[in-house]
Amino acid sequence: MISKVLIANRGEIALRVIRACRELGIRSVAVHSTADSYAMHVRMADEAVCIGPPPAGRSYLSIPSIVSACSITGADAVHPGYGFLSENAEFAQVLEEHGIKFIGPSSEHIRLMGDKVAAKEYMKRQGVPCVPGSNGPVPSAERAMAVAAKIGYPVIVKAAAGGGGRGMKHVGASEDMEFAFQSARREARAAFGNDEVYIEKFLETPRHIEIQVFGDGCGKAVFLGERDCSLQRRHQKLLEEAPAPGITEEQRAGIGEISANAAASIRYSGAGTIEYLFADGEFNFIEMNTRLQVEHPVTEAIFGVDLVREQILVASGMPMSFKQEDMRIRGHAIEARINAERLPNFDPCPGLVSTYHAPGGLGVRMDSAIYSGYAVPPHYDSLIGKLVVHGLDRQTAIARMRRALGELIVDGLDTTAPLFEQVLQEQDFADGNYDIHWLENWLKKQQA
Ligand code: MV4
């Protein structure tokens with residue numbers, strides 16, 4: 001069993017991991033930059049090590065500093081959280097080489113899924129339904145036009161090393177291909193040092209639905225339903241829910257089994273998310289994320305499973321504590337991301353939190369690392385809290401979220417909380433009638 005976990009992260013996710021460790025009787029080590037000396041994760045962990053100056057590149061992203069912090073404290077495992085080094089295959093490999101457990105999949109699996117072309121080829125071979133497109137990388141604009149002629153315009157050119165919305169070019173017609181293709185290549189080379197690109201049919205109004213999978217590293221894997229993450233702005237998710245509105249039990253079981261089998265076939269270890277674009281009643285694979293995701297609590301709520309506890313168990317070489325056949329969805333959960341941002345433009349709004357009061361009551365979970373008197377530093381992500389509600393059905397969950405938002409107090413800076421009070425009153429939201437463009441269109445309407 002792992003005896004001491006170093007958390008290579010900050011904020012609410014660091015607290016999330018510390019809490020799971022404490023319940024398992026495992027000691028925890030926080031690492032922090034000099035900007036985070038007064039951060040809650042430093043206080044809450046059993047020990048803390050300062051690993052560098054405020055810029056993430058010199059602290060939370062510094063592999064040598066984190067490995068040194070492990071050796072100083074005797075940590076035998078690292079939990080990467082999300083973001084930062086969580087999907088860095090090099091980091092996982094360096095830890096493996098130092099005999100430190102990386103709480104997540106193997107470096108090979110991270111590398112495979114980080115290459116979006118290789119990931120898609122693997123998934124296709126496993127019978128996972130994929131967006132129609134090129135078979136593998138596309139080497140020239142001429143070949144790109146040939147592929148597009150076959151699948152039909154519009155298409156999208158994506159960087160193999162991209163993902164999460166970085167390095168994509170929409171192409172409406174053949175006369176735009178040459179320019180779009182070359183600029184996609186150039187941007188991919190500049191951003192990722194890898195100019196490999198591939199092509200897909202562009203889906204106009206899909207929903208973003210992702211399946212939570214979990215592997216034991218020994219060839220067994222389960223699925224824990226889906227999350228609808230369509231409500232986003234500029235590739236930043238703002239509200240997520242589980243289950244996804246309107247998905248039938250048959251659709252869920254169908255795509256869930258396919259997704260779990262794909263994870264099982266590579267002996268995937270730990271938590272993973274298989275992302276799909278859902279359009280015309282069909283799931284189309286786009287990417288797999290090899291980390292615990294920000295929105296994992298909505299899945300935890302409806303399945304009653306502690307995903308971080310399971311990650312730690314599996315990384316310790318122990319079996320998962322649940323079986324697929326025992327997994328039943330209970331009710332509905334919604335997460336609202338509370339960011340320190342000023343509406344309507346979502347400008348980052350760091351600064352002093354003069355008063356903080358978390359909502360509570362039945363079915364309310366507030367994951368946050370802020371406190372009254374805490375100064376949100378300007379150097380990192382603007383997420384300061386995740387408000388997660390759970391109810392017996394979707395309508396109850398919506399009412400509960402509105403009630404909880406009314407209780408939330410964050411004085412001293414602006415947050416995205418008021419946005420949700422409005423969105424939750426929309427008929428389209430009540431009807432589950434939204435896609436990946438809905439929120440951006442709605443925001444434009446509000447401006448006018
Ligand atoms: C697409 C697409 C339409 N068609 N692929 C953006 C994030 C990255 N994970 C994949 N993305 C998209 N891929 C095809 N073939 C539209 C998007 C997309 C998107 C996807 C999910 C959530 C929000 C989005 C916002 C804009 C575009």
Side-chain angles (χ1 to χ4, degrees), residues 82-83 86-87 113-121 123-124 128-138 144 147-148 150-173 176-177 180-181 184 187-188 191-192 196-211 226-242 244-245 247 255 259 272-291 293-295 298 335 337 346 423 432 434-444:
Y82 51 70
S86 61
E87 293 182 284
M113 298 309 170
D115 178 340
K116 305 304 164 186
V117 167
K120 197 171 169 186
E121 271 173 0
M123 291 296 174
K124 214 184 289 179
V128 175
C130 293
V131 188
S134 58
N135 291 310
V138 177
V147 172
K150 198 141 32 114
I151 61 178
Y153 287 92
V155 300
I156 186 166
V157 183
K158 295 184 173 181
R166 300 174 313 150
M168 309 190 317
K169 284 270 178 279
H170 174 272
V171 189
D176 302 329
M177 181 61 92
F181 184 87
E187 285 175 26
F192 316 115
E196 194 166 282
V197 297
Y198 63 109
I199 289 185
E200 285 181 349
K201 176 86 188 162
F202 180 76
L203 303 178
E204 306 268 2
T205 55
R207 292 161 65 191
H208 176 183
I209 299 182
E210 56 187 31
I211 306 289
E226 78 287 358
R227 299 182 283 260
D228 194 317
C229 304
S230 301
L231 289 181
Q232 58 85 35
R233 175 185 177 271
R234 299 189 182 174
H235 303 295
Q236 295 296 315
K237 295 168 186 168
L238 283 159
L239 183 150
E240 306 95 342
E241 58 179 319
I247 298 299
I255 197 65
S259 302
T273 299
I274 308 197
E275 289 191 3
Y276 297 90
L277 295 180
F278 182 76
D280 304 317
E282 313 237 37
F283 289 92
N284 300 274
F285 170 79
I286 46 171
E287 295 170 18
M288 178 167 182
N289 300 322
T290 54
R291 63 175 186 277
Q293 293 202 253
V294 175
E295 59 272 22
V298 294
E335 170 178 281
R337 296 197 192 188
F346 298 85
V423 167
Y434 61 81
D435 61 31
I436 62 171
H437 306 296
W438 187 91
L439 186 69
E440 287 176 352
N441 291 333
W442 181 86
L443 288 164
K444 268 188 219 131

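Whatever order the structure lists ligands and atoms in, that order sets their numbers, starting from 1. What you see below is based on every heavy atom in this structure, not just the backbone, and it leaves out hydrogens, waters and symmetry mates. Count residues from 1 along the sequence. Keep in mind that what you see is a predicted model, and the values were worked out from it rather than measured.
Using a 4.5 Å heavy-atom threshold, the side chains of V298 and E241 count as separate.
A salt bridge (charged side-chain N to carboxylate O under 4.0 Å, His left out) with E240 is found for one member of R227, R337, R207 and no other, namely R337. Each of E196, E187, E200 was scored for a salt bridge (charged side-chain N to carboxylate O under 4.0 Å, His left out) with K158, with one residue passing: E200.
Under the 3.5 Å distance criterion, the side-chain polar atoms of S134 are matched with a main-chain donor or acceptor of I199. Between the side chain of K201 and the backbone N or O of V131, no donor-acceptor pair lies under 3.5 Å.
A tilted orientation is assigned to the rings of F278 and F283, their planes being inclined by 30° to 60°.
Annotation: ligand 1 has protein neighbours V131, I156, K158, G164, G165, M168, E200, K201, F202, L203, H208, Q232, H235, E275, L277, I286, E287, I436, each with a heavy atom less than 4.0 angstrom from the ligand.
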